[in-house]
Amino acid sequence: MPELPEVETTRQGIAPHCEGQTIRQVVVRNPRLRWPVPDDLPQQLEGQTIRTVERRAKYLFLHLDTGSVIVHLGMSGSLRVITDDSAPMRHDHVEIFLDNHRSLRFNDPRRFGCWLWTTDWSQHPLISQLGPEPLSDDFNGAWLFRLSRQKQTPIKSFIMDNHVVVGVGNIYANEALFKAGIHPKRKAGRISLDRYHRLADAIRETLQAAILMGGTTLRDFVNSEGKPGYFAQSLLVYGKGGTLCPDCNTSLKDIRMNNRSTVYCPRCQR
DNA sequence: AAGGATTCCTGTTGGC
DNA sequence: TGCCAACAGGAATCCT
C-alpha cells in the first residue's frame, strides 16, 4: 500500500512525463471512488497543460492553469505512465491521455483513492488542515509536545492523526513507538518533551529508511522482478507479535487499538 | 468537544 | 484441499 515514500516515488516517476504536457482526453471508466469523480472532470481538464506535479502528505496534485486535480492513492491505488497501446486492465478507473502519446493510468482495486477538482487546492478542506510534513523542519519534538498537552488520546492515535503530522500510517506508528520506547496506549498528554524529541526522531528515521529502501513498505509486496520489498525486512515489530523483542527478548504483544493491529514490547515500551 | 467506532472496498490469508 | 470468514488499512465521518 502506498505510504508517503511511495507517493513521493510516484510523483518523481510521473512528473517528467506529465509536466508541460497538454491533456488530450480524460477517460473515467469507474467514477465510484472514495468520493465520486466529478462529472465535469474531463471537460475541466481537456485542452489544459499540466504545469507541475506536487505532493503534500499522501496527496498528489496535477496543477493546471485554472485549478488542480487532487489525487489520493488510498490503500491500493497506483499511477502508471503508459507508453504503448496496452489495453486497460481490471480496476483501471481513470486515465489521462497526453499530447506526447503517453497516458497516466490510475488503478485502484479497493477504490479508497480519489480524483477531485479544485480551483484553490491549498484551501481545500482535505488539505488546509493537514499537519506538517514529517521530514520538514516544522516537525519536531517541541511541536508534538505543544500539541499534545491535555490530550487524553493514546499516543499511537495521536501520531496517526493527520492534523498532528502527516504520513504516519499504522506500520510506521508501531515501528516508531518501539524505537522511542513509548507504550502505544500511553496518553499523549503524559509524555515529556525529552521523550517527544526521541519520538520525532524515530518517526523521521523510520520514514527516511523506507525512502532509502525504495519506498517499499507493503509487507507482501513483490516487485516486477519477484523480489520482496526491502523495507519489510527491516521492520522491528510490525507483524511480529509473539516473537521475541530484538532488544530484551520479551515476547512482543499483539493487541488491537482502534481496530488496528498494534505490536509492542511490554518491557521496553512504557 | 474530544476521542472512539464505523465506514468505504476487494484481494489475501488463515482456520477448520 | 477447499471454502469462507476474518483481516488488512487511510482517513473522513458518525456516534457517544
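Letters A, B, ... mirror the listed sequences (proteins, then strands); counts begin at 1.
To the nearest angstrom, C1' of dG3(B) lies 16 Å from CG of N162(A). Per the geometry, CG belonging to D161(A) stands 12 Å off C1' belonging to dG10(C), to the nearest Å. Summarising the geometry, the separation between CZ on R32(A) and P on dC9(B) is reported as 8 Å, rounded to the nearest angstrom. As rounded to whole Å, 17 Å separates atom C1' of dA11(C) from atom CZ of R111(A). Atom P of nucleotide dG3(B) and atom CZ of F158(A) are separated by 10 Å, given to the nearest angstrom. Residue H91(A) contributes atom NE2, which lies 15 Å from atom C1' of dC8(B) at whole-angstrom precision. Spacing between atom CG of D254(A) and atom P of dA8(C) amounts to 8 Å, rounded to whole angstrom units. Straight-line distance from the CZ atom of R260(A) to the P atom of dA12(C): 13 Å, rounded to whole Å.
Comparing dG4(B), dG3(B), dA11(C) against the side chain of K151(A) picks out dG3(B) as the nearest. Relative to the side chain of Y59(A), the nucleotides dA12(C), dG10(C), dG3(B) differ in distance, and dA12(C) lies closest. Side-chain proximity of P109(A) to dT13(C), dG11(B), dG4(B): nearest is dG11(B). Closest approach to the R34(A) side chain among dG4(B), dA12(C), dG11(B) is made by dA12(C) (side chain taken as heavy atoms from C-beta onward).
Contact check, R256(A) against dA8(C): a side-chain N or O comes under 4.0 Å of OP1 or OP2. Taking side-chain N and O atoms only, H72(A) has no distance below 4.0 Å to OP1 or OP2 of dG10(C). Between S76(A) and the phosphate of dC9(B), there is no side-chain N or O to OP1/OP2 separation shorter than 4.0 Å.
A donor-acceptor contact under 3.5 angstrom links the side-chain atoms of R110(A) to the base of dA8(C). A donor-acceptor contact under 3.5 Å is not formed by the side chain of R90(A) with the base of dG11(B).
Looking only at distances, no side-chain donor or acceptor of K156(A) sits under 3.5 Å from a matching main-chain atom of L177(A). Side-chain atoms of Q21(A) never come within 3.5 Å of backbone atoms of H17(A) as a donor-acceptor pair (strictly under, hydrogens ignored). Counting only distance, with no hydrogens or angles, the side chain of N174(A) and the backbone of S261(A) share a donor-acceptor pair below 3.5 Å.
Of all non-hydrogen atoms in I203(A) and A176(A), the two that sit nearest each other are CG1-CB, 3.7 Å. Taking all atoms of both residues into account, the shortest heavy-atom contact from R56(A) to G131(A) is NH2-O, 2.8 Å.
Projected onto DNA chain B by closest heavy-atom contact, N259(A) and Q150(A) fall at different nucleotides, the more 5' of which corresponds to Q150(A).
Within 4.0 Å (heavy atoms only), L126(A) reaches sugar-phosphate atoms of the nucleic acid but no base atom.
Remark: ring of F112(A) stacked against base of dG10(C); centroid gap under 5.5 Å, plane tilt under 30°.
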